[in-house]
Structure formats: structure tokens, C-alpha cells
Visitor: 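Sending over a structure as C-alpha cells; questions will come in a sec.
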Amino acid sequence: MTKSASLTFGDKTVELPVRSPTAGPDVLDIRKLYGELDVFTYDPGFTSTASCDSSITYIDGDVGELLHRGYPIEQLAEQSCFLELCYLLLYGELPSPEEMDKFRTTVTRHTMVHEQMHNFFRGFRRDAHPMATMVGVVGAMSAFYHDSTDISDPWQREVAAFRLIAKLPTIAAMAYKYSIGQPFVYPRNDLDYASNFLHMCFSVPAETYEVNPILSKAMDRIMMLHADHEQNASTSTVRLAGSSGANPFACIAAGIACLWGPAHGGANQACLEMLREIGTVDRIPEYIEKAKNKDDPFRLMGFGHRVYKNFDPRAKVMKESADEVLELMGIHNNPTLQVAKELERIALEDDYFISKKLYPNVDFYSGIILDAMGFPTSMFTPIFALSRTVGWISQWKEMISDPALKIGRPRQLYTGPAKRDYVDLAKR
Ligand code: CMC
């Protein structure tokens, strides 16, 4: 039976179709609302608005569930790897062994960047934040790879996707190397995706660098846990930018810019900086009080989520990885870790956090692992960005081939002055 909902406004009633998703709440289709009732809906922050159809990722925030193409993130993190997840997100199904081989080879063969990009990097100040450099360089990819900017050509869209997934780690590693004054390190095709990224970040020409398999497994997991998260702020930014027909490199650069904010991907850097600022366990109560104080803008970074109101399933997996990496690096009780553990314990027992359903999110633990691996805090969000690129590009491709695609153009509730006449400067 087709469901509908009727809405009466003034003396008119409109019948709104109700669409039922594979999972999750029903969705009222309000597209004809303005045409028939001459009213808009008001939903800042889109807390009640589905902006598109999507078959890529599903989140059930009440039970703490994250599915990619139907597969639970816990199973993927345990049994799959980042590149296989990329394939799944892009094409909808797990690959056969032959498809996986071909995909891996294609991504691996695209990891080098145009040599002239090296000069482009040199235009940035050495002390630039790597996210600033990435926004610029990824945007500039459209100037280096124009042969994959025609969005009406499915083959060019495919090539752009490969280029972005393959080159983002190279660009992030170059941004890091540039910021510390070391030479750029070329990618190595004999290494897997995560190991190659560690190699490009940590090896130097003067000595041999062996990638530790535990660290590369942890890095692969970090990438998997950040790969996609349905219509979050940066993904919605990519879709909005893409809805105008902008090329994929420009759209992903827009996504990176959005991700940088501390309420989103920038939280991993902000969280570790907060743990360091707290410094010692005895200062935690002071910060908990600050977080609860309505007049203080301070928030506990790494806590809370718009959708997850039970727990963040990514945080659970990330916590396990954190334990493995800390054990390997022999970090048992450094002050930051002590503060993190105690903060987690206190917050989880505190009425304020319990009543508002504020749990540690993925960013709470990722920073601890990345710090233990030797990354500076400024590299945390770039690592999130390179991992999320596959999600962004999968969502962008899905949108471009959606027959219902329209330019994204929200309306507003205007609160400015009513129409008035201009007053000549001399008379004011
Ligand atoms: N510390 C203290 N209070 C908080 C926090 C926090 N981290 N997060 C939310 N609250 C309070 C908030 O003050 C509000 O209280 P009240 O109802 O009294 O006004 C209530 O909880 C609801 O918060 P909200 O801002 O309306 O919720 P939101 O869904 O708009 O925001 C969030 C979600 C993630 C932006 C927010 O929880 C936050 O700012 N967290 C810290 C930043 C962070 O860790 N972000 C990473 C998110 S996960 C990775 C990603 O997706 O990028």
C-alpha cells in the first residue's frame, strides 16, 4: 500500500507521498509543498531533512550501527581492507579476486602526481597547515588533469575517481614532508595502500625505512573507519558543489575545506590538543565543568555526534586498534593517555553526558593512535581527508548518475528589512 501524509495549511490540504527506505524512518516527500501550499519548510542544520536518495551507507544512530552497502563496519574492519572497501563503496558489491586485483593495480598505478605539482607545493609557506595545502593542491588537480573533468563522460568520471583515491595519500604525505622541510618521497608500487602512505610520510632518502605491519594494519583500519559516513557536512558539501556541474577535483577540495572545521574532521586534532592542554588527571573536573557550563563555548572534543545517540561503532573498533598500537610502541602511561582514559571514564559516568547521550566518537581515539605512530596533530585531519575521499567520490558519482539530480538550492526565512527606498548620501 502506498503511504501518504496530508498536511493542511490555511484552507488548502496537500497529500504528501511517503517513501519507505530499506532501513530507517519513513521519508515525507515534500517536493510539491511550495508549489501547492506556498510555504517552505524550516530546518537549519538539516536535522529532519533527507537531501537525496543513496544506497551507499546506512547509519542507525539509536543502536550504534554503521553499514556500508549493507555490510557492518565491524565485519569490514576485521575481515576486509581499505582498498576492498573502496571498491565496495564505489561499485556496490564486494569484488571477485580478479576484480580486486585489477582494482588494486589501477589504483597503485595512479599514485604518482604530475611532476609539476612539486613546484606548485613550493608556492606554499613551509608553516602552512597541511589542510590548507591540501585544499589548494586538490583544487588544482583540475588544472593538472583536465582530461578527467568532463562530468558528462562516465569514463572520465571513473578516471577522476581513481586519480583521487590514488593520489590523495601522496598529496597528504607531500604536504607533511613540505611542512617539515624534508624531500618529497615517491610512492612505491610494491607496498599496499596504507604501508605506502606510511613510507611516503616517514622514510627519508638517507636510510632504509621498514614499514611495521602492525602500524600499517592500524593505518588501514583508520582509513576504513573514516571511509564514508552518509550525508555528513563534508559529503553534503561535495554533493552541493557537484550539483552545479563543478568538476570532481573542485568538489573534493570543497569537501576537504568543510572537513577541516573542529565540529567535523578537525575534531581529531582539536581533541589531542585538548588532552594536552588538560595535561594532568587532576585538572579533568575543571574541564568537565567548563563543558557543562552553558555560558562557556568549550566542548569536550571527541565527544558527541549528530546521529549516534548510543555509541559510535567506529570508536569501538578504533579503541581496540589504539590498544594494539600503544602496546607496540611501548606507550603505557604517558600523560596524554592517562588524561584520555580518565576523561572517558568520568564523562561516561557523568549525568550531563549520559542524559545528552554524549559518547566518545571516532576522533577521540584516532588522535591517540596517530600521535603514537609519530604524526603531528596537524596531520590528523589530512589523514581523515584522504580516507574520506572514496566516500566523497562514491557519493558524487551516485549523484551525477541520479536522474532526479537538480542543482542544490535551499530557500530561506528572510528576516532582513522590508522593501524601502534608497536615501541619498547627503540626506543621511
Ligand atoms: N561537549 C559538551 N557538550 C556537548 C558536546 C560536547 N562535545 N556535544 C554536544 N553537547 C551538548 C550541547 O551543548 C547541547 O546541549 P543543550 O541541549 O543543553 O543545548 C547538546 O549536547 C546537543 O548538542 P548539539 O550541538 O545540538 O548537537 P549536534 O548534533 O548539533 O552536534 C557535534 C554534534 C558532533 C557537532 C557536537 O557533539 C560537538 O561539537 N562535538 C565535539 C566535536 C567533535 O568531536 N566532532 C566530531 C564528530 S565525529 C567525526 C565527524 O563526523 O567528523
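Numbering of ligands and ligand atoms starts at 1, following listing order.
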Visitor: Any pair with a residue in residues 290-325 that passes ring-ring contact (aromatic ring centres under 6.0 Å, His included), sequence neighbours left out, goes on the list, sorted by first then second residue, please.
Guide: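 Qualifying pairs: His229-His305, His229-Tyr308, Tyr287-Phe298, Phe303-Phe353, Phe303-Phe364, His305-Tyr308.
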Visitor: So, for Glu277 and Arg283, which heavy atoms are closest and what is the spacing to 0.1 Å?
Guide: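 Scanning both residues completely, I find the closest heavy atoms to be O-NH1, 3.1 Å.
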Visitor: Look only at interatomic distance and state if His264 has a nitrogen or oxygen under 3.5 Å from any nitrogen or oxygen of ligand 1.
Guide: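 So ligand 1 has an N or O lying under 3.5 Å from an N or O of His264.
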Visitor: Identify the protein heavy atom lying closest to atom 21 (O) of ligand 1, giving its residue, its atom name and the separation to 0.1 Å.
Guide: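 The closest heavy atom on the protein side is Lys356 CD, 3.4 Å.
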Visitor: Run down the list Gly45, Pro360, Gly304 and name the one with the heavy atom closest to atom 34 (C) of ligand 1.
Guide: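 That would be Gly304.
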Visitor: Nearest 0.5 Å, please: how far is CG in Leu37 from CG in Leu7?
Guide: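 Answer for the CG-CG pair, Leu7 versus Leu37, is 6.0 Å.
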Visitor: Counting from 1, what ligand 1 atoms have a heavy atom of Gly302 closer than 4.0 Å?
Guide: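 Near Gly302, meaning under 4.0 Å from one of its heavy atoms, ligand 1 has 43 (C), 44 (O).
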Visitor: Counting each atom of ligand 1 from 1 as listed, which ones have a heavy atom of Pro262 under 4.0 Å away?
Guide: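 Answer for ligand 1: 42 (C).
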Visitor: Is any NZ, NE, NH1 or NH2 atom of the basic residue among Arg345 and Glu349 found under 4.0 Å from an Asp or Glu carboxylate oxygen of the other?
Guide: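 Salt bridge between Arg345 and Glu349, a charged N being under 4.0 Å from a carboxylate O: yes.
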Visitor: Applying a 4.0 Å heavy-atom criterion (strictly less than), which segment of Lys294 is in contact with ligand 1: side chain, backbone, both, or neither?
Guide: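 Just the side chain.
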Visitor: Which residue and non-hydrogen atom of the protein lie closest to atom 29 (O) of ligand 1, and at what distance in Å?
Guide: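 Scanning the protein heavy atoms, the shortest distance from atom 29 (O) of ligand 1 goes to Arg306 NE, 2.8 Å.
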Visitor: Give the residue, atom name and distance (to 0.1 Å) of the protein heavy atom nearest atom 47 (C) of ligand 1.
Guide: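 Closest protein heavy atom to atom 47 (C) of ligand 1: Asn361 ND2, 3.6 Å.
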Visitor: Of the side chain and backbone of Arg299, name the one, both, or neither that has a heavy atom under 4.0 Å from an atom of ligand 1.
Guide: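 Near ligand 1, Arg299 shows its backbone as well as its side chain.
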Visitor: Minimum distance, heavy atoms only, to atom 10 (N) of ligand 1: which one of Leu358, Leu300, Asp296 is it?
Guide: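 Considering heavy atoms of Leu358, Leu300, Asp296, the nearest to atom 10 (N) of ligand 1 sits in Leu358.
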Visitor: Among protein heavy atoms, which lies nearest atom 46 (C) of ligand 1, and at what distance?
Guide: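 It is Asp363 OD2, 3.3 Å.
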Visitor: Which of the listed options, Cys258, Ser234, Ala267, holds the heavy atom that is closest to atom 43 (C) of ligand 1?
Guide: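 When every heavy atom of Cys258, Ser234, Ala267 is considered, Ala267 comes closest to atom 43 (C) of ligand 1.
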Visitor: Once you restrict to heavy atoms under 4.0 Å, what part of Ala270 touches ligand 1? Side chain, backbone, both or neither.
Guide: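 Neither; nothing of Ala270 gets under 4.0 Å from ligand 1.
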Visitor: For atom 3 (N) of ligand 1, what is the closest protein heavy atom, and at what distance to 0.1 Å?
Guide: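 Sorting protein heavy atoms by distance from atom 3 (N) of ligand 1 puts Tyr352 OH, 3.0 Å first.
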Visitor: Under the ring-ring contact (aromatic ring centres under 6.0 Å, His included) test, which residues partner Phe202, sequence neighbours left out?
Guide: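 Phe202: ring-ring contact (aromatic ring centres under 6.0 Å, His included) contacts with Phe375.
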Visitor: Looking only at distances, can you tell me whether any N or O atom of Lys309, backbone or side chain, sits closer than 3.5 Å to an N or O atom of ligand 1?
Guide: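 No; the residue has no nitrogen or oxygen that sits under 3.5 Å from a nitrogen or oxygen of the ligand.
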Visitor: Would you say Phe384 has any N or O atom under 3.5 Å from an N or O of ligand 1, going by distance alone?
Guide: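 Between Phe384 and ligand 1 (N or O atoms, distance only) the closest approach is not under 3.5 Å.
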